[in-house]
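Heads up, the thing below is written out as structure tokens.
Computed from a prediction, not measured in an experiment: that's the story for all the values here. Remember, it's 1-based here, ligands and their atoms both numbered in the order they're listed. Positions are given from 1 along the sequence.
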Amino acid sequence: MSQNLRFLSGRHGVPSQMEDMNAAGILSAAAIRETAQRRGFPATALYGAASFYDFLRDEKKAHVCTGTVCRMSGKEPEVRKQLAARFSPDEIGAMACVGHCYQAGGFEVGGRTFDASGLAGAIPYRTTLADPVFGPVEDIDALFGAALADAAEIVAQLSASGLRGRGGAGFPFARKLQSCAAHAGEKYLVCNADEGDPGAFSDRFLLEQRTELVLAGMLAAANVLGARTGFIYLRAEYPDAVAIIEAAIERYKLSRGADGFDFRIVRGAGSYVCGEETALLNSIEGLRPEVRVRPPFPAENGLFGRPTLLSNVETFAAIPWILARGGAAFAAIGNGRSTGTKLLSLDHLFVRPGVLEVAMGTKLSEVVYDLGGGFTEPVKALQVGGPLGGVLPIDYVKRLSVDFESFQEAGFLLGHASIVAIPQAFPMTEFLTHLFEFMADESCGKCFPCRLGTRKGADLLAGAAQQPIDRNLFDGLLDTLEHGSLCALGGGLPLPARNILTHFPDEMAAYFAQGGAK
Ligand SMILES: Cc1cc2nc3c(=O)[nH]c(=O)nc-3n(C[C@H](O)[C@H](O)[C@H](O)COP(=O)(O)O)c2cc1C
Ligand code: SF4
């Protein structure tokens, strides 16, 4: 069924059906009927898709950030009080992370995001590298010129660089590019700018403050594929980025003429799972954004059923430096297996919060204590790599380095490398409950282990103070989530849950029934 709908949606190609739905604004029967009629698309299928999203039925005038950092910061009540002076309670909604974690107390009003003090300044960026990959752009023409160079040479440099995807899984970029290029017919390019991990804001930094790096990286990949259209799937929680990217696209069009590459922004509508690559593709198509079974992978059968290269913002943004300095220079940075540099998001509890660029392989202790300056209050653990990343006790900082291997070998995950500090005083059960609640809200519902398991876990944890949880039951739930889930949303949740149970047994003991412990 959805295969037919995919091709039906694809018949119209671009603009995408999701753009239409966003343009229609508030979800209403009339808007659905009108869009369905114009698209020649079943209204029921469109309703099924549109009703999935929080913000397509959201008439709020302001949104308070309820992401992990803002929640732990305790600034939420203060922000709500400020907003209550301007808006009635039913005009104030919530957004799970507006990317102001370096200040905390974020909120959105009128398509702009702010921190608790009402400021909307640039994200602080620091690096110790003399020639950083993500430094300020000096010569925009040279960037786009290099992206349009000989395609075989671009592939050679990207292969030599060892660049691995920065969206979390670390898949070799050149291999994905070549695999997509090998398929026949029209191809698409998609930049995953959904950055849904609460605590992460390095993609927001690139999209707003290094926009041309992202566009030039996409253009180079499109050049290799012979693709004419590239989509930037941008989360709704980053409204400020829209105008900035649009202006950069306009500048590109003016400098390159009418036959340039077609960049299109598709705005998300408040769904975390839309960061998962196949859900994201369904979302652009205007289908219900449930995760697709893989294979086939997007490189073979992606957007509108065509071969599609989908990569993260930071992955694309690294390409211009590689083309300018050569793949070998990129590969020379890092530990050999994780090459190049990595952006880290340091939250507001760091003495020097913001985006930090370091060479892969940099010791985590150097990041936290030397570059980040340590913390402004006692911290017991770090959540690295978002809600599906690991939770590491603070003394593990001495044992790890910023690369995929070090984290994986120690039972954690580098992921997209956001670093959220968990204060000594914040209860770990509350943290774990928050993770389960978040996943229960964001599960796409396609597979039962995740749809039912995340909700069951959230309910058990919420009631654990009154009714301690049978540890065997909980371990079984984690096993089912890990092995039975279709994607890493349900399948990845057991990692932080087990980290917390293993490393904070004293705090968790009161919430679990004795005797059943593994
Ligand atoms: C639940 C879930 C959410 C995800 N969210 C994002 C995201 O916000 N941004 C992103 O680039 N990748 C995200 N990913 C990973 C993507 O599926 C995909 O692996 C990535 O975009 C590929 O780009 P890369 O090869 O450049 O890393 C998510 C995966 C899952 C399972
Ligand atoms: S694990 Fe969760 S998010 Fe992933 S496919 Fe299953 S229900 Fe959907």
Side-chain angles (χ1 to χ4, degrees), residues 52 96-97 99 158 163-177 179-180 189-204 206-207 214 217-218 221 231-238 268 271-283 288-294 297-299 302 308-319 340 342-343 385-389 404 413-418 436 438-455 457 480-495:
F52 189 93
C97 199
L158 291 172
L163 173 65
R164 291 167 63 181
R166 300 313 200 218
F171 191 81
F173 177 75
R175 227 196 292 162
K176 189 153 76 171
L177 180 65
S179 148
C180 185
L189 191 75
V190 177
C191 173
N192 188 343
D194 202 46
E195 196 170 57
D197 288 350
F201 49 85
S202 49
D203 284 353
R204 178 160 95 81
L206 291 170
L207 293 161
V214 183
M218 288 178 69
F231 293 86
I232 299 168
Y233 187 90
L234 181 68
R235 67 199 301 257
E237 293 83 347
Y238 289 175
S271 158
Y272 176 68
V273 77
C274 282
E276 194 283 335
E277 57 185 11
T278 60
L280 188 156
L281 295 173
N282 281 5
S283 176
R288 195 170 168 84
E290 288 178 347
V291 170
R292 299 183 194 170
V293 175
R294 291 170 301 180
F297 289 92
T308 301
L309 178 90
L310 183 147
S311 286
N312 171 254
V313 170
E314 188 177 329
T315 315
F316 282 121
I319 294 174
K342 183 76 196 81
L343 292 182
L388 300 171
F404 296 113
L413 205 72
L414 181 62
H416 192 46
S418 53
F436 268 86
F438 181 76
M439 295 309 161
D441 281 352
E442 300 298 339
S443 166
C444 83
K446 179 151 173 164
C447 64
F448 291 160
C450 169
R451 177 160 116 195
L452 304 177
T454 50
R455 174 47 54 204
T480 307
L481 277 168
E482 183 181 16
H483 300 294
S485 298
L486 179 59
C487 86
L489 190 145
L493 183 55
L495 174 78

As an exercise, identify every atom of ligand 1 less than 4.0 angstrom from a heavy atom of [X].
| X | value |
| --- | --- |
| G196 | 8 (O) |
| D194 | 8 (O) |
| Y272 | 1 (C) |
| T315 | 24 (P), 26 (O) |
| K176 | 22 (C), 23 (O), 24 (P), 25 (O) |
| E277 | 16 (C), 17 (O), 18 (C) |

Exercise. Considering only heavy atoms, does S311 approach ligand 1 within less than 4.0 Å through its side chain, its backbone, both, or neither?
Worked result: both
Exercise. Which bit of R166 gets closer than 4.0 Å to ligand 1, counting heavy atoms only: side chain, backbone, both or neither?
Worked result: backbone
Nearest protein heavy atom to [atom], by residue and atom, and its distance?
| atom | answer |
| --- | --- |
| atom 27 (O) of ligand 1 | G167 N, 2.7 Å |
| atom 4 (Fe) of ligand 2 | C487 SG, 2.3 Å |
| atom 2 (Fe) of ligand 2 | C450 SG, 2.3 Å |
| atom 3 (C) of ligand 1 | E276 N, 3.6 Å |
| atom 21 (O) of ligand 1 | N192 ND2, 2.9 Å |
| atom 11 (O) of ligand 1 | N312 ND2, 2.8 Å |
| atom 13 (C) of ligand 1 | G275 O, 3.2 Å |

For [X] and [Y], which heavy atoms make the closest approach, and how far apart are they?
| X | Y | result |
| --- | --- | --- |
| F438 | G196 | CZ-O, 4.5 Å |
| L343 | S202 | CB-CB, 3.8 Å |
| L309 | A221 | CD2-CB, 3.8 Å |
| D197 | G385 | OD2-O, 3.5 Å |
| A279 | V273 | CB-O, 3.3 Å |
| C447 | S485 | SG-CA, 3.9 Å |

Considering the heavy atoms of [X], write down every atom of ligand 2 situated less than 4.0 Å from one of them.
| X | answer |
| --- | --- |
| C447 | 1 (S), 6 (Fe), 7 (S) |
| S485 | 1 (S) |
| G445 | 7 (S), 8 (Fe) |
| K446 | 7 (S), 8 (Fe) |
| V273 | 3 (S) |
| G490 | 1 (S) |
| S443 | 2 (Fe), 7 (S) |
| L489 | 3 (S) |

Exercise. Any side-chain heavy atom of C444 within less than 4.5 Å of one from L489?
Worked result: no
For this session: Measure the shortest side-chain to side-chain distance between L495 and L388 over non-hydrogen atoms and say whether it is less than 4.5 angstrom.
Result: no
Exercise. Taking distance alone, with no angle check, do D197 and ligand 1 share an N/O pair under 3.5 Å?
Worked result: no
Problem set entry | Heteroatom distance test (V273, ligand 1): nitrogen or oxygen, under 3.5 angstrom | no
Exercise. Stepwise, does the salt bridge (charged side-chain N to carboxylate O under 4.0 Å, His left out) test hold for R292 with E277?
Worked result: CA-CA 9 Å; R292 299 183 194 170; E277 57 185 11; over 6 Å; no
N/O donor-acceptor pair under 3.5 Å between [X] side chain and [Y] backbone:
| X | Y | result |
| --- | --- | --- |
| N192 | G275 | yes |
| S443 | M439 | no |
| E195 | R204 | yes |

Exercise. Closer than 4.0 angstrom: is that true for some heavy atom of R164 and an atom of ligand 1?
Worked result: no
Exercise. Hey, does F316 sit under 4.0 Å from ligand 1 if you only count heavy atoms?
Worked result: no
Exercise. Is the distance from atom 6 (Fe) of ligand 2 to some N, O or S atom of C444 under 2.8 Å?
Worked result: no
Exercise. Is there a side-chain hydrogen bond (donor to acceptor under 3.5 Å, both in side chains) between D194 and Y272 once you walk through the steps?
Worked result: CA-CA 8 Å; D194 202 46; Y272 176 68; over 6 Å; no
For this session: In plain terms, say whether E290 and R451 are close enough for a salt bridge, that is, a side-chain N and a carboxylate O under 4.0 Å apart.
Result: no
Exercise. Is it the case that R235 places NZ or CZ above or below the six-membered ring of Y238, under 6.0 angstrom from the centre and within 45 degrees of the axis?
Worked result: yes
Seminar exercise, completed: Only one of V313, L206, N312 passes side-chain contact (heavy atoms from CB on, under 4.5 Å) with R166, and that residue is N312
